[in-house]
Protein chains: 2
Amino acid sequence: MVSKLSQVDKRELEEALAQNGLRATRQREHVYSVLMGQRDHPTADEVYARAKEAMPSISLATVYNCLETLVECDLVKRLSYEREPSRFCPNDGDHAHFLDEQSGRVFDIVLPESFVREMTQVLPHGFEAKKVKLSFTGYAPKDKAVETRVPQDSTPKQTAPTQ
Amino acid sequence: MVSKLSQVDKRELEEALAQNGLRATRQREHVYSVLMGQRDHPTADEVYARAKEAMPSISLATVYNCLETLVECDLVKRLSYEREPSRFCPNDGDHAHFLDEQSGRVFDIVLPESFVREMTQVLPHGFEAKKVKLSFTGYAPKDKAVETRVPQDSTPKQTAPTQ
DNA sequence: CACTAAATTGGAATGATTCCAAAAATCAAT
DNA sequence: ATTGATTTTTGGAATCATTCCAATTTAGTG
């Protein structure tokens, strides 16, 4: 699972960092490679765990910092669902997310370019969108083999469940 | 500022609660009326503060419970932005949200019905969306007097409902 | 190599939200 | 109405993802 960053990805990262006046560091590169190497939607903690495999000295605070940086540089998307820690995925062009209520899985939904353009057109004159987030919740087809897990929330509500 | 719930709204609330097997309580009605009475996007804390004006005995935990209940009943939308407490707004049909990065204000963006229909069409076959969330982040026009959230220590004043 | 600004680090602090167990309120059936 | 079963409310404690902090290390520049 120790996947290095491709030359292309590495350059893309360095460029994006430079563009934002940020430095290229071992940790940033490594966190990015962790995300690129396993394309699901891990939490910061999970990224931390994965990152430590090849870089045991990295700290949780740094993982948070790096993730934040990557999001700022628009190399990574952050998704947050209620009651759950943020999840991160490398930004592979415009896509939405679909959370399957039954399985807790998250699916990437590719968005046609034309639709992305249309999305910003619903804004009244004068609004300038820097980021757009589209997310669905509902039922995904049972047989879909796509990835990712958002653990099902089995926490009982305040009131005890019947029986 | 003490706005009662209209008969229509009250019935709608009671029906929605009944439909979900939940009881109609003073607190739930009051929290709902607080949200309906000032159409911005308050946090739970802000709702708590407003609710206490007319019902000083209500607790923060209850406000959280009520808000959760209202969201479940689909009478209220919950918006959550990174690094910020959830915000709530009464659910007035399909609309997106726009967060102005500079002022922190949230604007409701009306969505044409045709667009709402199109949104669900980006889903691959087999995906059934129960909820869709569209949210923008960026710069809003400075002069827009549209719906905003109220800064914590401002004197409560009448806000004209949007749309 | 030396300097300066930026980044990393571990641990402590934060704060929105949830949990808990007791008290109160609601609803249904007497 | 009264009772009884169930839900809801409540205050305070607990949780836990995330941020903050001050000290150390590192990257980039000349």
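The chains referred to below are lettered A, B, ... by the order of the sequence lines, with proteins before strands, and numbering in each begins at 1.
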For the [atom1] atom of [X] and the [atom2] atom of [Y], what is their distance to the nearest 0.5 Å?
X	Y	atom1	atom2	value
B:Leu99	A:Lys130	CG	NZ	10.5 Å
A:Ser135	A:His95	OG	NE2	11.5 Å
B:Thr137	A:Glu128	OG1	CD	13.5 Å

Which whole-number value in Å describes the distance from B:Arg87 CZ to C:dA16 P?
->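 Value for this atom pair: 11 Å.
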Specify the separation, in whole Å, of atom CE of B:Met55 and atom P of D:dT10.
->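 In whole Å, D:dT10 P lies 8 Å from B:Met55 CE.
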Of all the choices, [options], which nucleotide is nearest to the side chain of [X] once you look at every atom?
X	options	result
A:Tyr64	D:dT19, C:dT9, D:dT8	D:dT19
B:Pro85	D:dT10, C:dA16, D:dT8	C:dA16
A:Asp45	C:dG11, C:dA16, D:dA17	D:dA17
B:Ala61	C:dA7, D:dT10, D:dC20	D:dT10

Considering only heavy atoms from C-beta outward, does the side chain of A:Gln7 approach that of A:Arg11 to under 4.5 Å?
->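 Sidechains of A:Arg11 and A:Gln7: no contact.
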DNA chain D: B:Tyr48 or B:Gly21, which has the more 5' nearest nucleotide?
->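 Per heavy-atom nearest nucleotide, the more 5' residue is B:Gly21.
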Select from B:Arg28 and A:Leu60 the residue whose nearest nucleotide in DNA chain D is closer to the 5' end of that strand.
->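 The 5'-side residue here is B:Arg28.
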Give a yes/no on whether any side-chain N or O of [X] is located under 4.0 angstrom from OP1 or OP2 of [N].
X	N	value
B:Arg83	D:dT18	no
A:Thr62	C:dT8	no
A:Ser57	C:dT8	no

Kindly determine whether B:Phe98 and B:Tyr139 satisfy ring-ring contact (aromatic ring centres under 6.0 Å, His included), including the steps that lead there.
-> CA-CA 9 Å; B:Phe98 189 105; B:Tyr139 301 122; 8.8 Å; no
Salt-bridge present (A:Asp108, A:Lys77; N to O < 4.0 Å) |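 Salt bridge absent between A:Asp108 and A:Lys77.
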Check every strand shown and say whether A:Asn65 touches a base, only sugar-phosphate, or nothing at a heavy-atom separation below 4.0 Å.
->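 Base: the residue A:Asn65, judged by heavy atoms under 4.0 Å, touches a nucleobase.
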Filtered N/O pairs between nucleotides 23-29 of chain D and protein, under 3.5 Å:
unit_1 : atom_1 : unit_2  : atom_2 : d
D:dA27 : N3     : A:Arg23 : NH1    : 3.2

For B:Glu46 and B:Gln38, what are the C-alpha separation, side-chain angles and deciding distance, and is it a side chain to side chain contact (heavy atoms under 4.5 Å, CB included)?
-> CA-CA 11 Å; B:Glu46 288 166 340; B:Gln38 195 175 338; over 6 Å; no
